[in-house]
**Student:** 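Sharing a structure, written as structure tokens. Questions coming.
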Protein chains: 2
Amino acid sequence: MTEAQLIAILDDEPEIRRLLSSALEQAGFRTQCFGRATEFEAALRRMTPDACLIDLGLPDRDGLALVHRLATESGAAIIIISGRAQVQDRVTGLELGADDYIIKPFEPAEVVARIRARLRRPVQGAASRAQTLRFAGWTADFDRYLLTAPDGAETPLSHAEAEVLRMFTDNPRRLITRAQMLETLGGAAGESFDRAMDVRISRLRTKLGEDPKNPRLIKTIYGAGYIFLAEIG
Amino acid sequence: MTEAQLIAILDDEPEIRRLLSSALEQAGFRTQCFGRATEFEAALRRMTPDACLIDLGLPDRDGLALVHRLATESGAAIIIISGRAQVQDRVTGLELGADDYIIKPFEPAEVVARIRARLRRPVQGAASRAQTLRFAGWTADFDRYLLTAPDGAETPLSHAEAEVLRMFTDNPRRLITRAQMLETLGGAAGESFDRAMDVRISRLRTKLGEDPKNPRLIKTIYGAGYIFLAEIG
DNA sequence: CGGGAATCCAACAAAATGTTACAACGCTTC
DNA sequence: GAAGCGTTGTAACATTTTGTTGGATTCCCG
């Protein structure tokens with residue numbers, strides 16, 4: 001048997017830290033507590049927790065930004081604890097990469113159960129997103145905003161185009177809804193902003209040399225969204 | 001990991017089924033609804049959903065037992081929806097293998113976000129279903145929305161047509177009632193929406209080269225529904 | 001065989017998406 | 001600061017997909 005799994009706890013109230021820590025240790029986990037985000041971030045360089053419990057109400061940093069960074073860079077399960085009970089808060093937290101969202105006041109037993117549920121399935125290794133990737137002969141360099149055609153021709157990518165392409169390459173061969181795009185690309189369901197989406201995609205298609213009648217890479221699913229058809233290499 | 005992910009919904013209230021189904025389809029998932037556990041279990045033999053939304057308040061079976069069986073035998077993410085708000089209920093559900101536990105009344109947006117959070121990491125052992133399947137010489141590619149005739153001719157499939165065809169290939173040689181179709185496909189069962197069904201099927205039949213007088217693949221059962229007659233390979 | 005209901009289908013209307021031109025904005029350079 | 005360049009959103013129009021409608025057709029059953 002391996003050693004106990006490590007849970008990092010980030011909360012500014014000592015009382016809560018003690019409560020959580022005690023319940024988790026009781027349940028057989030190891031814990032490490034932090035009162036401030038900076039402390040926590042510093043500690044991350046020398047430890048890799050299996051799960052992180054994060055209170056969003058931190059004074060010294062934007063909690064959501066931290067959650068997002070953790071979600072993309074670390075392989076740990078991320079569980080938000082928050083006093084904000086609005087549905088929108090929960091949705092945002094989960095969309096940003098949190099694996100669960102627990103509302104205060106919470107019951108320690110439930111927190112334990114939720115952490116167990118999260119750790120039951122193997123946690124994915126920290127997969128940092130490659131900045132350069134290839135698909136169908138093309139090469140997209142998101143550092144330099146450069147798109148290289150199969151024949152070697154280089155085209156600059158605008159930011160808007162890169163955003164769309166990134167979204168596609170992050171979810172290859174999967175339906176991406178318009179709503180999803182709008183959400184990710186910033187524009188809240190703006191009135192006429194989804195028209196801008198079309199234009200962005202149209203421009204990206206042009207740069208990818210798509211045949212309007214028969215797009216091979218970015219396929220439209222009328223009434224549903226788009227699919228990016230390519231193996232990412 | 002190729003086509004849209006499939007979510008199974010098990011709830012005895014049609015209203016809730018419609019609500020969830022509609023929100024999830026909007027978000028880019030495919031859904032299949034069931035009103036009773038026995039139905040659901042029968043269907044599991046021929047489909048492998050990526051996630052299951054299960055209402056615990058089912059009349060015809062012990063929901064928790066079902067959850068436990070699913071958790072151990074299927075690779076799908078399991079999310080309980082329940083009216084029982086006690087902490088002990090939640091803990092029990094999670095301990096039995098559920099991945100999440102949502103309390104009624106719920107907000108569809110949050111359900112979507114939680115399912116996304118659950119499916120973000122690769123689902124364990126969930127054998128992704130074939131994205132391309134064959135029947136009676138035809139080939140249906142649901143990634144590319146492409147239908148290939150026995151003679152090799154390719155026809156694009158529209159989303160509406162693909163939805164219908166998928167429903168057929170998911171339940172070959174089995175009666176599909178109109179009500180079932182309306183529920184799985186449209187959701188918003190408008191007054192004259194079942195007329196639209198006819199049209200969808202009619203269009204699909206045309207693409208499949210069916211003889212109106214003597215359909216070989218999609219057979220009408222007068223007063224009952226349709227049957228898709230073909231071995232799926 | 002006839003009546004009523006269910007289903008099919010062709011033409012139309014509505015909605016969603018693609019495309020192009022243009023104007024506003026920001027950034028650089030002189 | 002003005003001219004030049006690229007980027008981006010908006011509006012207008014073209015195109016495609018989908019839902020709707022109404023009548024023709026088919027089916028069931030007596």
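Naming: A, B, ... by sequence-line order, numbering from 1 per chain.
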**Student:** Does this structure show an ion pair linking B/Asp100 with B/Arg114, if we count only N-O contacts that are shorter than 4.0 Å?
**Tutor:** yes
**Student:** Check this one for me: any side-chain N or O of B/Arg200 less than 4.0 Å away from OP1 or OP2 of D/dG19?
**Tutor:** yes
**Student:** To the nearest Å, give me how far apart NE2 (A/His159) and P (C/dG26) are.
**Tutor:** 15 Å
**Student:** Could you tell me whether A/Arg90 and B/Glu107 have a side-chain N and a carboxylate O separated by less than 4.0 Å?
**Tutor:** no
**Student:** Whole angstrom is fine here: how far is it from CG in B/Leu157 over to C1' in D/dT16?
**Tutor:** 15 Å
**Student:** Nearest whole angstrom, please: distance from the C1' of D/dG9 to the CE of A/Met181.
**Tutor:** 17 Å
**Student:** Salt bridge or not between A/Glu95 and B/Arg116? Use side-chain N to carboxylate O under 4.0 Å.
**Tutor:** yes
**Student:** Taking only N and O in the side chain of A/Ser158, is any of them less than 4.0 Å away from OP1 or OP2 of D/dG6?
**Tutor:** no
**Student:** For B/Lys207 and D/dT16, give me the distance from atom NZ to atom P, rounded to whole Å.
**Tutor:** 13 Å
**Student:** CD of B/Glu161 versus C1' of C/dC9: gap in Å, rounded?
**Tutor:** 15 Å
**Student:** What do the steps show when you test B/Phe228 against B/Phe135 for ring-ring contact (aromatic ring centres under 6.0 Å, His included), and what is the final call?
**Tutor:** CA-CA 10 Å; B/Phe228 185 68; B/Phe135 55 90; 5.2 Å; yes
**Student:** Can you tell whether the side chains of A/Arg178 and A/Asp198 come within less than 4.0 Å, N to carboxylate O?
**Tutor:** yes
**Student:** Less than 4.5 Å apart, any side-chain heavy atom of B/Thr177 and any of B/Tyr226?
**Tutor:** no
**Student:** Looking at side-chain heavy atoms only, is the closest gap between A/Ile54 and A/Leu70 below 4.5 Å?
**Tutor:** yes
**Student:** Decide, yes or no, whether a salt bridge links B/Arg30 with B/Glu163 under the criterion of side-chain N to carboxylate O below 4.0 Å.
**Tutor:** no
**Student:** Rounded to 10°, tell me the angle between the two end axes of the helix from C/dC1-D/dG30 to C/dC30-D/dG1, each built from five pairs.
**Tutor:** 30°
**Student:** Using a 4.0 Å heavy-atom cut-off, write out nucleotides 15-20 of chain C from 5' to 3' as B (base contacted by protein), S (sugar-phosphate only) or - (no contact).
**Tutor:** BBBBBB
